[in-house]
Student: 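First the structure, then my questions, so here it is.
Keep in mind it's a predicted model, so treat the numbers as computed, not measured. Just so you know, these numbers use all the heavy atoms, side chains as well, and skip hydrogens, waters and symmetry mates.
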Amino acid sequence: MKALISVSDKTGIVELAQQLHALGVGLISTGGTAKLLAEQGLPVTEVAEVTGFPEMLDGRVKTLHPKVHGGLLARRDTPEHMAALKAHNIDTIDLLIVNLYPFEATVAKPGCTLADAIENIDIGGPAMVRSAAKNWKDVGIVTDASQYPAVVAELKASHAQGQSKLSNKLRFALSVAAFNRISQYDGAISNYLSSVNFEAEKLSEAYVPERAQFSGQFNEQYVKVQDLRYGENSHQQAAWYRDLAPAVGSLVTGVQLQGKELSYNNIADADAAWECVKSFSDSACVIVKHANPCGVAVGATALEAYSKAFQTDPTSAFGGIIAFNRPVDKDAAEAVSKQFVEVLMAPDFSAEALEVFKSKVNVRLMKIALPANYGDVRNALETKRVGSGLLLQSADNHELALADLKIVTVKQPTPEELHDLLFAWKVAKFVKSNAIVFCKNGQTRGVGAGQMSRLDSARIASIKAEAAKLSLQHTVVASDAFFPFRDGLDVVVDAGATCVVQPGGSMRDQEVIDAANERGVAMVFTGVRHFRH
């Protein structure tokens with residue numbers, strides 16, 4: 001058995017080569033890798049010796065040769081192939097270990113020149129990978145260090161039986177992984193090059209090109225997390241995928257500790273709750289129903305935050321999704337366990353909290369580790385399918401600061417109102433448009449979501465508060481977009497609001513400002529809206 005090793009990232013490669021040598025595998029290698037293995041006392045044949053042709057063009061050409069690709073592509077069960085190898089003095093290569101030039105890492109560096117990007121486009125590596133992966137029945141293709149242990153384990157097992165071969169199952173899995181890697185690699189190259197605003201007059205080795213935010217061709221890669229029982233409705237099929245490199249602290253990085261399998265709707269609602277709760281630095285709890293927050297609150301403890309959030313809309317909270325941005329302790333767990341909850345998420349659960357839910361086998365518990373700067377870690381892009389197309393946009397990661405506010409009324413907000421105003425604005429960002437959110441003392445008091453008319457959303461928010469027996473007197477109200485007429489403002493002021501935050505920007509802004517002054521309430525413009533469709 002012969003193995004060809006040609007790696008850019010040499011992590012673990014010496015140890016792998018040592019194990020292969022111990023199993024009687026002959027080693028062939030290229031350039032720097034061959035030198036490294038030889039320095040470790042391993043017998044290694046350089047590729048140039050195999051091909052009879054030296055590496056050239058600064059290493060750009062070394063494995064692009066019939067004696068390499070013939071050894072990889074020849075089918076061992078085809079007599080004509082084996083006869084051709086013999087006639088041309090070509091040996092078979094049974095195991096290929098390759099990782100590619102670090103193109104993705106190179107272009108991610110600030111100030112990456114076009115020359116550096118181009119130089120890190122691997123040619124010979126992908127060509128060998130494709131040859132080996134196509135001929136998977138006879139050749140094992142290893143493209144990642146994480147695959148080394150499985151390969152060594154199978155070779156050791158077969159060696160003990162007097163053979164040196166990998167199973168069909170493992171070779172096929174390695175082949176699939178190899179083609180996936182090539183797809184990812186080529187997609188990254190395409191994304192980069194089609195984003196370059198090429199300026200020929202600036203071309204030099206030091207040329208750092210300007211790049212468009214959205215590339216001319218968008219290639220995105222996902223890895224399946226799991227198949228789902230069904231989609232949004234029972235007659236639809238579905239699966240859950242994650243980014244190749246998911247953001248730390250995102251839903252897909254979580255671990256389900258107990259409960260039934262997550263459903264399509266569970267995942268969609270859980271993501272809405274998790275992204276919302278991550279926007280708070282204080283201990284917070286978010287309850288979501290049908291992708292909308294129906295209760296949000298901050299508190300000194302997880303229990304206090306939950307109790308206030310649940311109080312907002314106990315009816316909608318039934319069968320909801322609950323997220324905490326702090327570990328869940330016994331007290332919070334006991335309170336949550338009294339209601340029907342589909343999914344409960346937190347950075348951690350105490351042993352006592354887990355014991356509380358042990359008997360509630362249908363409750364899905366998700367542990368999602370949060371980094372220290374979790375509020376700053378967000379996805380950079382958002383996508384939405386439309387017909388046979390795709391909408392792509394930068395994520396709505398805008399954070400409102402006190403300095404951003406423009407007070408447009410005679411009445412000034414109190415310090416307490418300003419604090420609640422920022423809280424309400426965070427919540428409104430995660431409520432489906434048209435969104436109206438009443439808040440007080442770090443607690444939502446009424447939420448109106450997803451209506452075709454902002455006026456209706458305002459009325460629904462008031463109705464929700466009345467049903468929950470929560471007073472709206474001296475509350476603040478956040479509107480995700482401007483009030484197009486004064487009637488929406490009148491509804492929230494009639495309900496008890498004394499301070500309103502909205503983006504502004506309407507042709508009738510002055511009319512609405514005049515109405516606020518007439519009603520004796522404070523109004524603040526943000527200059528930013530938060531439509532969420």
Side-chain angles (χ1 to χ4, degrees), residues 146 169 172-173 176-177 179-181 183-184 187 218-278 286-294 316-324 328 336 339-347 349 354 357-358 360-370 377-392 395 430 432 449-450 532-533:
S146 64
K169 182 176 182 180
F172 184 74
V176 172
F179 280 119
N180 288 344
R181 175 63 187 127
S183 172
Q184 296 156 13
F218 180 62
N219 304 280
E220 198 165 24
Q221 302 285 340
Y222 298 98
V223 177
K224 187 160 69 174
V225 177
Q226 67 188 71
D227 288 307
L228 303 174
R229 286 175 295 161
Y230 51 83
E232 201 162 11
N233 300 291
S234 58
H235 62 277
Q236 295 172 270
Q237 287 76 50
W240 187 17
Y241 288 80
R242 66 163 176 80
D243 288 332
L244 282 177
V248 291
S250 56
L251 182 67
V252 295
T253 66
V255 177
Q256 186 172 346
L257 303 180
Q258 73 162 55
K260 297 187 295 184
E261 179 183 306
L262 289 164
S263 72
Y264 181 98
N265 292 329
N266 287 156
I267 295 166
D269 288 347
D271 186 62
W274 189 244
E275 290 301 313
C276 182
V277 84
K278 281 166 55 181
V286 174
I287 306 174
V288 160
K289 192 68 172 289
H290 293 296
N292 276 300
C294 60
S316 296
F318 180 84
I321 310 292
I322 302 178
F324 291 88
V328 171
V336 172
Q339 75 161 102
F340 170 46
V341 55
E342 288 275 4
V343 182
L344 175 59
M345 297 169 288
F349 297 86
L354 292 174
F357 288 104
K358 195 172 182 180
K360 296 182 176 294
V361 295
N362 288 334
V363 177
R364 304 164 177 87
L365 296 186
M366 289 284 293
K367 177 180 175 179
I368 311 171
L370 285 176
V377 180
R378 298 289 175 87
N379 290 327
L381 297 174
E382 294 176 347
T383 61
K384 182 179 290 187
R385 288 291 309 204
V386 285
S388 295
L390 182 77
L391 289 174
L392 182 65
F430 294 94
K432 298 288 188 181
R532 188 177 181 86
H533 291 120

Student: Check whether more than 12 heavy atoms from other residues, nucleotides or ligands sit under 6.0 Å from atom CZ of Phe340, and answer yes or no.
Tutor: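 Yes.
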Student: CG of Leu244 to CD of Glu220: how many Å apart, nearest 0.5 Å?
Tutor: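 Reported value, rounded in 0.5 Å steps: 9.0 Å.
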Student: For residues Leu354 and Leu257, determine if any side-chain heavy atom of one lies less than 4.5 Å from a side-chain heavy atom of the other.
Tutor: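 Yes, close enough: below the 4.5 Å cut-off.
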Student: How long is the straight-line distance from NZ of Lys260 back to OG of Ser263, given to the nearest 0.5 Å?
Tutor: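 Atom-to-atom, Ser263:OG and Lys260:NZ are 8.5 Å apart.
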Student: Is the backbone N or O of Glu232 less than 3.5 Å from a side-chain atom of Asn265, with the two atoms forming a donor-acceptor pair by type?
Tutor: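 It does hold such a pair.
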Student: Evaluate the side-chain proximity of Leu392 to Leu381: yes if any heavy-atom separation is below 4.5 Å, no if none is.
Tutor: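 Heavy-atom side-chain distance check passes, below 4.5 Å.
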Student: Does Gln237 have more than 12 heavy atoms from other residues, nucleotides or ligands lying within 6.0 Å of its CD?
Tutor: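 Open.
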Student: I'd like to know if the side chain of Gln236 reaches the main chain of Asn233, judged simply by a donor and an acceptor atom lying under 3.5 Å from each other, with no hydrogens or angles considered.
Tutor: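 Here the side-chain-to-backbone pair exists.
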Student: Under a 3.5 Å distance rule, please check whether Asp269 uses its side chain to pair with a backbone N or O of Ala291 as donor and acceptor.
Tutor: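 Yes, the answer is positive, given that a donor and an acceptor are paired below the 3.5 Å cut-off.
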Student: Does a side-chain heavy-atom distance below 4.5 Å link Phe430 with Val277?
Tutor: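 No, too far: nothing below the 4.5 Å cut-off.
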Student: If you count the non-hydrogen atoms of other residues, nucleotides and ligands that lie under 6.0 Å from CZ in Phe179, is the total more than 12?
Tutor: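 Correct, the count exceeds 12.
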Student: Can you tell me if NZ on Lys367 sees more than 12 non-hydrogen neighbours from other groups inside 6.0 Å?
Tutor: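 No, not enclosed.
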Student: Please report the shortest heavy-atom distance between Ala346 and Val328, naming the atom on each side.
Tutor: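 Of all heavy-atom pairs spanning Ala346 and Val328, the closest is CB-CG2, 3.6 Å.
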Student: Counting distance only, does the side-chain N/O of Lys289 pair as donor-acceptor with the main-chain N or O of Ser316 below 3.5 Å?
Tutor: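 Yes; judged by distance alone, with no hydrogens or angles, the pair exists.
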Student: Could you go through Phe357 and Leu365, starting from their C-alpha distance and side-chain angles, then the distance that decides it, and tell me whether this counts as side-chain contact (heavy atoms from CB on, under 4.5 Å)?
Tutor: CA-CA 9 Å; Phe357 288 104; Leu365 296 186; 4.0 Å; yes
Student: In Å, rounded to the nearest 0.5 Å, how long is the span from CH2 of Trp240 to OH of Tyr222?
Tutor: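 Rounded to the nearest 0.5 Å, the CH2-OH separation comes to 14.0 Å.
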Student: Can you find a pair of side-chain heavy atoms, one from Val341 and one from Phe318, that are under 4.5 Å apart?
Tutor: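 Side-chain contact under 4.5 Å: no.
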Student: Please determine whether side-chain contact (heavy atoms from CB on, under 4.5 Å) holds for the pair Val252 and Tyr241, giving the CA-CA distance in whole Å, both sets of side-chain angles, and the decisive distance to 0.1 Å.
Tutor: CA-CA 8 Å; Val252 295; Tyr241 288 80; over 6 Å; no
Student: Quick one: does Val248's side chain get under 4.5 Å of Thr253's, heavy atoms only?
Tutor: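 In short, these two side chains do not touch, never coming nearer than 4.5 Å.
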Student: For the backbone of Gly187 and the side chain of Gln184, can you confirm whether one donor and one acceptor N or O come within less than 3.5 Å of each other?
Tutor: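 Such a contact is absent between Gln184 side chain and Gly187 backbone.
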Student: What's the separation between atom CG in Leu344 and atom NZ in Lys360, rounded to the nearest 0.5 Å?
Tutor: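 The distance works out to 12.0 Å.
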Student: Side-chain contact, heavy-atom cut-off 4.5 Å: Lys384 with His533?
Tutor: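 Touching, per the 4.5 Å side-chain cut-off.
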Student: Contact between Asn266 and Tyr264 at the side-chain level, heavy atoms closer than 4.5 Å - yes or no?
Tutor: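 Side chain of Asn266 against side chain of Tyr264, heavy atoms only: no contact under 4.5 Å found.
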Student: Taking C-beta and beyond as the side chain, do Gln258 and Val361 meet within less than 4.5 Å on heavy atoms?
Tutor: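 A side-chain contact under 4.5 Å is absent here.
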Student: Among Val286, Ile368, Val288, find the one that has a side-chain contact (heavy atoms from CB on, under 4.5 Å) with Trp274.
Tutor: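 So, applying the side-chain contact (heavy atoms from CB on, under 4.5 Å) to Trp274 and each of Val286, Ile368, Val288, only Ile368 qualifies.
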Student: How many angstroms lie between atom CG of Asn180 and atom CD of Gln221, to the nearest 0.5 angstrom?
Tutor: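 Taking CG in Asn180 and CD in Gln221, the distance rounds to 7.5 Å.
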Student: If you round to the nearest 0.5 Å, how far is CD of Glu261 from CZ of Arg364?
Tutor: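 Rounded to the nearest 0.5 Å, the CZ-CD separation comes to 8.5 Å.
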Student: Check the pair Val336, Ile322 against side-chain contact (heavy atoms from CB on, under 4.5 Å), reporting the backbone distance first and the verdict last.
Tutor: CA-CA 9 Å; Val336 172; Ile322 302 178; 3.9 Å; yes
Student: What pair of heavy atoms forms the shortest contact from Ile321 to Ala270, and how long is it?
Tutor: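 Where Ile321 meets Ala270 most closely, the heavy atoms are CG2-CA, 3.6 Å.
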Student: For the pair Asn292 (side chain) and Ala449 (backbone), establish whether a donor and an acceptor sit closer than 3.5 Å, ignoring hydrogens and angles.
Tutor: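 Here the side-chain-to-backbone pair does not exist.
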Student: Between Leu251 and Arg242, is the side-chain contact (heavy atoms from CB on, under 4.5 Å) condition met? List the steps.
Tutor: CA-CA 9 Å; Leu251 182 67; Arg242 66 163 176 80; over 6 Å; no
